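Comments concern the structure below.
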2 protein chains.
Amino acid sequence: MSRIPHLGEFEQIVLLAILRLGDDAYAVAIRDEIRSRTGRSTAPGALYTTLDRLEQKGLVSSRLGEPTHERGGRAKRYYTVSAAGTAALERAQRSFQSLLEGLRIFEKKHA
Amino acid sequence: MSRIPHLGEFEQIVLLAILRLGDDAYAVAIRDEIRSRTGRSTAPGALYTTLDRLEQKGLVSSRLGEPTHERGGRAKRYYTVSAAGTAALERAQRSFQSLLEGLRIFEKKHA
DNA sequence: GCTCATTTCGCCTACATTGTAGAAAAAAGT
DNA sequence: ACTTTTTTCTACAATGTAGGCGAAATGAGC
């Protein structure tokens, strides 16, 4: 058994989006955040599947919210990144950072 | 057809390692670089498969070198990141950056 | 100088994990 | 009932990973 599971790219993105959204992290919002930040459009199913898997791995936890007082609206499921999730994310980012160090890939337009 | 293919996490890592190594980027060296930088140990096959796929997607190109004057010194295959490869990498990194912006996941030891 | 064992490396094959889509079901308000 | 919002199911494509086989090249022993 591997201790901390490896994160795929999308998983990392989802995790980051959840952290960003804080208290308002439910599927639709997460999806919007991802789209607006990365330009990457994802099908609902894609996201839920990933969310599910992250939860199974114990990297996020979810709680069901109260129905909103809006026109329609099924109860939202809110997600939170667990300690293990943060750890995994940190580790993954550290790997990138190590490799990026001293490498200039990005042509900074020189502000 | 999707224009620029999405990169997986490992693909990004491999790409970065190749960039880092410059002229000396052949499989064994790449593998070492990845291990020493990220602590991630990979089986040879894992790497070659990924390298193969990256090449098929046109993100890297390879040329066969001369045999070395060493004990076993078989000819090495050297890899280079193509323009498309750099572009894909940039895009992927930009996505992360967007999401990381203003988020402090890493507890900076507060220099 | 030939043969063989050893070393360095590349490649193949098969399988696990992640990524993605689309549509359909569920819940809630009007 | 009908519409809206959000979730869930199902199936499939792409990526990640391991491990072992085989090829090339050298040096040692015969």
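Values in this document were obtained by computation on a predicted structure and should not be read as measured data. FYI, side chains are in, hydrogens and waters are out, and symmetry mates aren't considered; it's all heavy atoms of this structure. Naming: A, B, ... by sequence-line order, numbering from 1 per chain.
Rounded to an integer number of Å, the gap from B/F10 CZ to D/dA14 P is 19 Å. Going from atom CD of B/E66 over to atom C1' of C/dC9 covers 16 Å, rounded to whole Å. A/D52 has its CG atom 14 Å from the C1' atom of D/dT6, to the nearest Å. Straight-line distance from the CD atom of B/E55 to the C1' atom of C/dC12: 16 Å, rounded to whole Å. For the pair B/L51 CG and D/dG16 P, the computed distance is 12 Å after rounding to whole Å. As a whole-Å value, the separation of B/Q12 CD from C/dT18 P is 16 Å. In this structure, B/L59 atom CG and D/dT15 atom C1' are separated by 13 Å, rounded to whole Å. The nearest whole Å value for the distance from the CG atom in B/L47 to the C1' atom in C/dC11 is 12 Å.
Rounding to the nearest 0.5 Å gives a distance of 5.5 Å between CD1 of A/I34 and CG of A/L47.
Within the 4.0 Å cut-off from OP1 or OP2 of D/dT6, not a single side-chain nitrogen or oxygen of A/R31 is found. Close to D/dT15, at under 4.0 Å from its OP1 or OP2, lies no side-chain N or O of A/H6.
Residue whose closest nucleotide on DNA chain C sits further toward the 5' end, between A/T49 and B/A75: B/A75.
The side chain of B/E11 approaches D/dT15 more closely than any other nucleotide in the set C/dC11, C/dA23, D/dT15. Of the candidates C/dC11, D/dA18, D/dG16, the closest approach to any side-chain atom of B/T42 belongs to D/dA18. Nearest to the side chain of A/T50, among C/dT20, D/dT8, D/dT17, sits C/dT20. Side chain of B/P67, nearest nucleotide from C/dC11, D/dA25, C/dA21: D/dA25.
Under the side-chain contact (heavy atoms from CB on, under 4.5 Å) criterion, B/T42 pairs with B/F10, B/R31, B/R40, sequence neighbours left out. Remark: A/D32 pairs with A/V28, A/R35 by the side-chain contact (heavy atoms from CB on, under 4.5 Å) rule, at least two apart or across chains. With sequence neighbours left out, B/A87 forms a side-chain contact (heavy atoms from CB on, under 4.5 Å) with no residue at all.
Between the A/S98 side chain and the B/T38 main chain, no donor and acceptor come within less than 3.5 Å of each other.
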Give the table of side-chain donor-acceptor pairs shorter than 3.5 Å for residues 62-70 of chain B, with sequence neighbours excluded, one pair per line with atom names and distance.
| unit_1 | atom_1 | unit_2 | atom_2 | d |
| --- | --- | --- | --- | --- |
| B/S62 | OG | B/E55 | OE1 | 3.4 |
| B/S62 | OG | B/E55 | OE2 | 2.9 |
| B/S62 | OG | B/R77 | NH1 | 2.9 |

Show which side-chain atoms of residues 12-27 of chain A pair as donor or acceptor with protein atoms under 3.5 Å away, not counting sequence neighbours.
| unit_1 | atom_1 | unit_2 | atom_2 | d |
| --- | --- | --- | --- | --- |
| A/Q12 | OE1 | A/Q93 | NE2 | 3.1 |
| A/Q12 | NE2 | B/E9 | OE2 | 3.0 |
| A/R20 | NE | A/E33 | OE2 | 3.0 |
| A/R20 | NH1 | B/L99 | O | 2.6 |
| A/R20 | NH1 | B/E101 | O | 2.9 |
| A/R20 | NH2 | B/E101 | O | 3.0 |

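Contacts of A/R40 with the nucleic acid, taken as non-hydrogen atoms under 4.0 Å apart, involve only primed sugar atoms and P, OP1 or OP2. Among the protein residues, B/R53 comes within range of the nucleic acid bases, having at least one heavy atom under 4.0 Å from a base atom.
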Atom pairs, N/O to N/O, protein against nucleotides 1-8 of chain C, distance under 3.5 Å?
| unit_1 | atom_1 | unit_2 | atom_2 | d |
| --- | --- | --- | --- | --- |
| C/dT6 | O4' | B/R71 | NH2 | 3.4 |

